[in-house]
Amino acid sequence: MDTKLKNYIVKENGDIILNMGPQHPSTHGVLRLEVVLKGETVKQVVPHIGYIHRGIEKMCEYDTYKQIIHLTDRMDYLSAHMNNEAVCLLVENALGIEVPERVKYIRVVLDELTRIASHQLWWSAYGMDLGALTAFFYGMRDRERILDIFEESFGSRLLHSFNTPGGLMHDVHPNFQKHTMEFVKYFRKKLPEYHQLLTDNVIFRNRTQGIGVMSKETAIAYGVTGPSGRGSGYSCDVRKIAPYGVYDQLEFEEIIYDEGDSFARYMVRMKEIEQSLNIIEQAVDKITDGPYTAKVKPIIKLPEGEYYQRVETARGELGVYVVSDGKKFPYRMHFRSPNFNNLFVLNTIAKGHLIADLVAISGSLDLVIPDIDR
Amino acid sequence: MSGVIKYFADILHGIKTLWGGMRITGKYFLSPKEIVTQQYPEIRHKQKIVYDRFKGEVIMPHDENNQHNCTGCGVCEMYCPNGSIEIITKKIPGENGKMIKVIDKHIYHLSMCTFCGLCIKVCPTQALAWGQNFEHAVYDRSKLTKVLNKPGSSYKGLNKKKEAKS
């Protein structure tokens with residue numbers, strides 16, 4: 001008796017059904033892609049999600065608005081600061097709290113530092129997915145500098161529940177501005193290395209150029225936002241189209257590429273790092289002395305009604321929707337997470353490519369699985 | 001003919017780009033000063049590896065008289081989002097025979113803690129603080145449940161209260 005388990009199914013018409021995941025190294029999380037193959041060509045990709053569902057939206061219904069902050073960290077853990085800020089902005093706008101000027105600029109600097117750290121990690125991991133292991137160490141080396149700035153000020157490196165409705169949990173470290181400027185100087189010097197190592201590499205270019213082309217219509221139809229959407233020529237930067245915080249007072253460009261392939265999505269992120277450095281340089285000088293939080297009641301109660309706030313995370317548009325019935329807990333809380341929409345475009349853009357290219361395509365979408373399942 | 005030229009031009013271009021990448025790795029290979037790797041377990045006792053504000057665990061600072069700042073009000077227990085703090089109070093006879101509520105056990109479940117920092121922020125008497133220890137690996141899960149106030153400790157303000165009254 002053959003007791004060996006088969007890890008694939010062969011259909012009558014010769015199609016092979018293969019499971020990529022849930023523990024596949026290139027998905028960076030527990031995501032299962034059911035791939036229908038004709039030989040080596042992808043015919044269909046069916047994503048199966050839910051392996052890391054924690055019920056964050058339901059848990060929010062039993063937490064006060066201050067307690068919700070630490071749950072949003074755990075969705076898109078690489079842009080934890082922006083997730084926190086989304087909930088904070090929603091509460092502040094609903095109650096009409098005027099946040100001190102100092103807090104606004106600190107938040108912008110932290111947003112952009114988080115964005116750079118996220119893109120660096122993505123760059124490292126993307127190189128590793130495509131077989132360039134060296135890139136991983138160079139990306140991680142520079143990311144460590146940002147994490148040091150975070151650790152010095154907030155005590156944690158990744159999930160710093162640092163925002164609170166009305167301001168910040170505590171003041172930043174006195175050396176925060178100095179160390180941030182040092183990092184900007186240091187990283188401007190190191191960024192050309194990234195291009196020399198990976199961007200100009202002929203193997204990398206051949207594996208990404210013309211692979212996984214997503215048209216602008218597809219991007220809009222699926223709601224693909226963030227760098228993945230902007231790589232297809234879809235102008236969707238929330239910082240530009242619906243500015244929050246002090247983004248309307250800062251000068252930066254929205255990076256848009258029209259090619260729509262994996263390489264365009266890659267280039268959008270690399271150029272965004274440069275724009276983020278520009279934003280940090282402008283905002284750090286404007287951090288004035290002052291209080292680090294506005295006066296907020298100990299127990300926050302939102303007036304009855306519906307509220308919506310969107311921010312730009314490192315992966316796209318994060319929307320927070322709250323229905324309040326006037327109590328200290330929200331009646332219903334919903335997150336419109338960018339990765340959910342970015343994942344389901346995979347079937348459309350990966351069709352007809354080889355299975356090895358599927359890794360390049362799903363990597364270029366920059367998926368964070370806990371954000372999909374919540 | 002042009003196909004042949006393109007073939008060799010592609011090879012040359014490939015070698016050139018690969019050489020560009022190899023030059024970077026070679027540069028760091030030959031300059032040991034740039035190495036950022038830390039030999040972790042060896043340097044543990046020689047240098048400080050975390051910053052002062054590092055969120056390792058929640059601790060309750062005690063002074064030399066084995067006294068702490070906790071009044072047992074229970075605000076931290078109320079604010080904790082995942083129930084990792086339990087406050088058990090007891091009543092002891094104070095001045096004039098009145099019973100005073102003091103802290104008996106401040107139980108902290110490290111295994112449930114998400115390090116959000118709300119308990120430390122809301123504490124009205126600054127009884128809690130962040131500890132810098134981050135090596136939490138234990139063989140038994142029950143060891144992650146800790147009692148923060150040391151045995152025999154008392155509230156710092158209790159004596160002051162008595163003095164003020166008398």
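Residue numbers start from 1 in every chain, and the chains themselves are labelled A, B, ... in the order their sequence lines are given, proteins ahead of strands.
- For chain B, no part of A:Asn206 is nearby; none of its heavy atoms comes within less than 4.5 Å.
- Between A:Thr64 and B:Tyr79 there is no side-chain heavy-atom pair separated by less than 4.5 Å.
- Here the straight-line distance linking atom OG of A:Ser161 with atom NZ of B:Lys55 works out to 5.5 Å at 0.5 Å rounding.
- Neither the backbone nor the side chain of B:Val122 comes within less than 4.5 Å of any heavy atom in chain A.
- Residue-level contacts of residues 82-92 of chain A with chain B do not occur; threshold 4.5 Å between heavy atoms.
- Comparing A:Glu144, A:His173, A:Met59 by heavy-atom pairs within less than 4.5 Å of chain B, the highest count is held by A:His173.
- Side-chain N or O atoms of A:Glu151 include one that pairs as donor or acceptor with a backbone N or O of B:Tyr51 at under 3.5 Å.
- Other residues, nucleotides and ligands contribute more than 12 heavy atoms inside 6.0 Å of the OH atom of B:Tyr40.
- Residue contact with chain B, scored on non-hydrogen atoms closer than 4.5 Å, involves the backbone of A:Phe154 exclusively.
- The local environment of OH in A:Tyr186 is crowded, with over 12 non-hydrogen atoms from other residues, nucleotides or ligands closer than 6.0 Å.
- Annotation: A:Tyr331, atom OH; neighbour count of heavy atoms from other residues, nucleotides and ligands within 6.0 Å does not exceed 12.
- For chain A, the option among B:Tyr28, B:Phe115, B:Phe54, B:Trp130 with the highest count of heavy-atom pairs below 4.5 Å is B:Tyr28.
- Note that OG1 of B:Thr25 and CD of A:Gln196 are 10.0 Å apart. Values are rounded to the nearest 0.5 Å.
- For B:Lys27, the part lying near chain A is the side chain, with the backbone staying farther off; criterion is any non-hydrogen pair under 4.5 Å.
- Here B:His13 contributes atom NE2 and A:Asp200 contributes atom CG; the two are 7.5 Å apart, rounded to the nearest 0.5 Å.
- Taking 4.5 Å as the limit, some side-chain heavy atom of A:His70 sits within range of a side-chain heavy atom of B:Asn82.
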Derivation of the side-chain contact (heavy atoms from CB on, under 4.5 Å) call for B:Leu18 and A:Ile203: CA-CA 9 Å; B:Leu18 290 179; A:Ile203 302 168; 4.2 Å; yes
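- For A:Lys185, the NZ atom sits in a loose shell: 12 or fewer heavy atoms of surrounding residues, nucleotides or ligands are nearer than 6.0 Å.
- Heavy atoms from other residues, nucleotides or ligands lying under 6.0 Å from CZ of B:Phe134 number more than 12.
- Within a 6.0 Å sphere centred on CE of B:Met22, other residues, nucleotides and ligands contribute 12 heavy atoms or fewer.
- Around atom NZ of B:Lys91, no more than 12 heavy atoms belonging to other residues, nucleotides or ligands sit under 6.0 Å away.
- The minimum heavy-atom distance between A:Ser153 and B:Arg53, with the atom names listed, is O-NH1, 2.8 Å.
- A:Arg74 touches chain B through its side chain: at least one heavy atom from C-beta onward sits under 4.5 Å away, while N, CA, C and O do not.
- For A:Lys190, the NZ atom counts as densely surrounded, since its 6.0 Å shell holds more than 12 non-hydrogen atoms of other residues, nucleotides or ligands.
- With rounding to the nearest 0.5 angstrom, the CD atom of A:Glu193 is 10.5 Å from the CZ atom of B:Arg23.
- Both the backbone and the side chain of A:Asn201 come within less than 4.5 Å of a heavy atom in chain B.
- Note: B:Thr114 OG1 to A:Leu159 CG = 9.0 Å, rounded to the nearest 0.5 Å.
- In this structure, B:Cys116 SG and A:Leu71 CG are separated by 9.0 Å, a value rounded to the nearest 0.5 Å.
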